[in-house]
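Lettering follows sequence order; numbering is per chain, from 1.
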Amino acid sequence: MSDHQSTYQPKTGIEKWLDSRLPIVRLAYDSFIDYPTPKNLNYWWTFGAILSLCLGIQIITGVVLAMHYIASTDHAFNSIERIMRDVNHGWLIRYIHSNGASMFFFAVYIHMFRGLYYGSYKAPREVLWLLGCVIYFLMIATAFMGYVLPWGQMSYYGAVVITNLIGAIPVVGPSILIWLQGGFSVDQPTLNRFFSLHYLLPFVIAGVTVLHIWALHVTGQNNPTGVEIKSKEDTVPFTPFATIKDAMGIILFLIMFAVFVFFAPEVLGHADNYVPANPLQTPAHIVPEWYMLPFYAILRAIPDKLLGVIAMFAAIAVIFALPWLDTSKVRSMRYRPVMRWFYVLFAITCVALGWCGGQLPTDLVISFGADKAGTPIGLTVTTLSQFLTAYYFAFFLIIMPWIGLKEEPLPLPASISEAVLAAHSKKKG
Amino acid sequence: MSSFLTNSLKLLSGAIVAVALVTSAPALAAGGHGRKPVDPGFSFEGPFGTFDQGALQRGYKVYREVCSACHSMKLVSFRNLGQKGGPFYDPKYKNPNDNPVVKQIASEFETAEIDPDSGDEVMRKSTPSDRFPSPFKNDEAAKASNGGAIPPDLSVINKARNGHAPYIYSILIGYEPKPVGLEIPDTQHYNAYVAGSLATQWKGDPHHVPAGGVLAMPPPLTDGRVTFDDGTPSTLKQQAKDVTTFLEWAGDPHMVARKQTGFAVILFLILLGGVVYLAYRQTWKGHH
């Protein structure tokens, strides 16, 4: 909290000496020990700590992988296989890194949907939300470039498809495309720069994460009621209360992580990426990793290439604008009886878009039989994607502003402690 | 507006989930065009699965006597055969380069090297540290000898095909006489399990295009093609199952170590989780 006074008392001589020169211990104490935390935070709030851990895991395993990886179109694929076969525990490091990307996105999506449900983007937390969006955008860029590095078929054609999107921009597109790829096609210069940026961006993410946490500590955490902290009664100190809860969340998350790394390390990947990149042989079915499938579905839902690219980027951009699209005076959807259900539909829409992104556009979702020529007719994946895309944008651009003005919210608790006590007496009956 | 809108939204959400559950299964099944791969029950399946060493040894023999005539396996070295979990692992030889079986196998092959005195390429006996030699000097030679199609490298083939080990096994046992109405050249071979589409080569009823696709590879395995040293009857299915096991090992040689580490890690996390849970209960007692 901005009005929270530091309670750090340097005890030893060296602590006093350091505190008057660089109060770094005081900063850590005020941020992670004595920091007042709303007492009603639920397990959805542990994903902040889980995400910090994910970033740490990706950076550490990534630095080790970079010691063995060779960013060359001739050697990249084999150097990864060397890591998997001959480097001590290389298989472990590489599987943690490749599955870690999926775990990172899984956690960030829960974190974002949590923020959306409890209104954590609303004033005064707009900058906090924007910084989170920047982190998410950087994560997408980093993950995309990382996926190119093994130089398998899906790496190569993923890079071809995504970089060529830029070529859809009128007039300057083709020139930017050549500049981006470092040549007239995806090749050695592309791989080299992707490796360079894939190594750089995680540290940028780490920097923005510091700003994100800083902004969080200025405004204080939101909580499931969406009611601001009113008194000391509403809070508990971060340590041990939030730390032990975060530790519990982290352990449960790590168990899931371990199940993937040790028992299903390939299920989230594509078989095609174990075929070395071959520019002369396009795979039958080019699909991105699962965490980008919703955006891929939006891209393919629009028949025009340029408009599709615009829609895809708009789908991310609209998340940035969220704080100014929601007109509701109430933060938490606990007290928003109508909006809550639009939120559920939105969550279903995102999952359904992800499913559509993994199918062939002409596949039928529901078959209505066949026409006279015998061709099956029905609802195609493309048509379904178009409906879902329409709802995706309508949710932000129409429903958010409109429902916020019309909806009658449920009565809010006077304070966090009142809500906690009410929940208690309800439980006891 | 609230109650009516809320109720309709509730119904709508429920209906969407129900429709999704009902329709998703057939839509997913429509994705592949080959017959559903057969799983003969491999020793390495499931969280407790390990490699059956007998199957690995028989599989290596099939690979060596049949597959390696056309397919390379560039990422595997002879020493790998003797490393922990490998076909010829012997606990007496911690360093697989010392394993006499591995040494013997390596010495039966030749590896090219540059003679330092003349600069000419000369052949020498392979050692355990050498990679498996490839049947063709380069991709062009492989193409020229195989009707224009390069036989894929087998190092990670089970990982590189959708359907994984059961798919590879099914391809090996899946050659059938081509259905009447399928017009393909003699250099191509019908296989019911291949993920492909025969729509353009099919001259019969367009609504009943047969499942499967074509391969340039003629049926590689037949009953009795390989003689197994351990007396196992050498049926087509046995050969296919064993060589698929060998290919799984070649692509994922640390699988057993991976699963064992996994049990230790998850057990540790569960125990740690128990302790942390007790600490959590203690900490929050009376603060809720």
Per-residue contact mode, [X] against chain A (heavy atom under 4.5 angstrom):
| X | answer |
| --- | --- |
| B/R79 | side chain |
| B/F268 | neither |
| B/S155 | both |
| B/V276 | both |
| B/P47 | both |
| B/A250 | backbone |

- Item | For chain A, the option from B/K259, B/K159, B/K74 that forms the most heavy-atom pairs under 4.5 Å | B/K159
- Item | Heavy-atom pair with the smallest gap, counting every atom of B/R258 and A/F262 | NH1-O, 2.8 Å
- Sort out for me which of A/S417, A/P265, A/A352 touches chain B most, counting heavy-atom pairs under 4.5 Å. A/P265
Would you say [X] has more than 12 foreign heavy atoms packed within less than 6.0 Å of its [atom1]?
| X | atom1 | result |
| --- | --- | --- |
| A/E233 | CD | no |
| A/K232 | NZ | no |
| A/N88 | CG | no |

- For A/H270, all residues meeting side chain to side chain donor-acceptor pair (under 3.5 Å), sequence neighbours excluded: A/E289
Distance from [X] atom [atom1] to [Y] atom [atom2], nearest 0.5 Å?
| X | Y | atom1 | atom2 | value |
| --- | --- | --- | --- | --- |
| A/L92 | B/H254 | CG | NE2 | 11.0 Å |
| A/D86 | B/N80 | CG | CG | 6.5 Å |
| B/L269 | A/M256 | CG | CE | 12.0 Å |
| B/N162 | A/H285 | CG | NE2 | 10.0 Å |
| B/W284 | A/M248 | CH2 | CE | 14.0 Å |

- Message: Between A/V261 and chain B, with a heavy-atom cut-off of 4.5 Å, which part of the residue counts as in contact: side chain, backbone, both or neither?
- Response: backbone
- Apply side-chain contact (heavy atoms from CB on, under 4.5 Å) to A/I251 and B/Y277, showing your working. CA-CA 10 Å; A/I251 290 168; B/Y277 180 71; over 6 Å; no
- Query: Taking C-beta and beyond as the side chain, do A/Y274 and B/R161 meet within less than 4.5 Å on heavy atoms?
  - Reply: no
- Task: Find out whether A/F263 and B/I266 are in side-chain contact, i.e. whether some heavy atom of one side chain is under 4.5 Å from a heavy atom of the other.
- Result: yes
- Would you check, one step at a time, whether the test side-chain contact (heavy atoms from CB on, under 4.5 Å) holds for B/L75 with A/R85? CA-CA 9 Å; B/L75 300 172; A/R85 288 158 189 276; 4.0 Å; yes
- Task: Please state whether the rings of B/Y280 and A/Y43 are parallel, tilted or perpendicular, taking 30° and 60° as the class boundaries.
- Result: tilted
- Task: Dump the intermediate steps for side-chain contact (heavy atoms from CB on, under 4.5 Å) on B/T261 and A/W91, then the final yes or no.
- Result: CA-CA 12 Å; B/T261 313; A/W91 56 269; 3.8 Å; yes
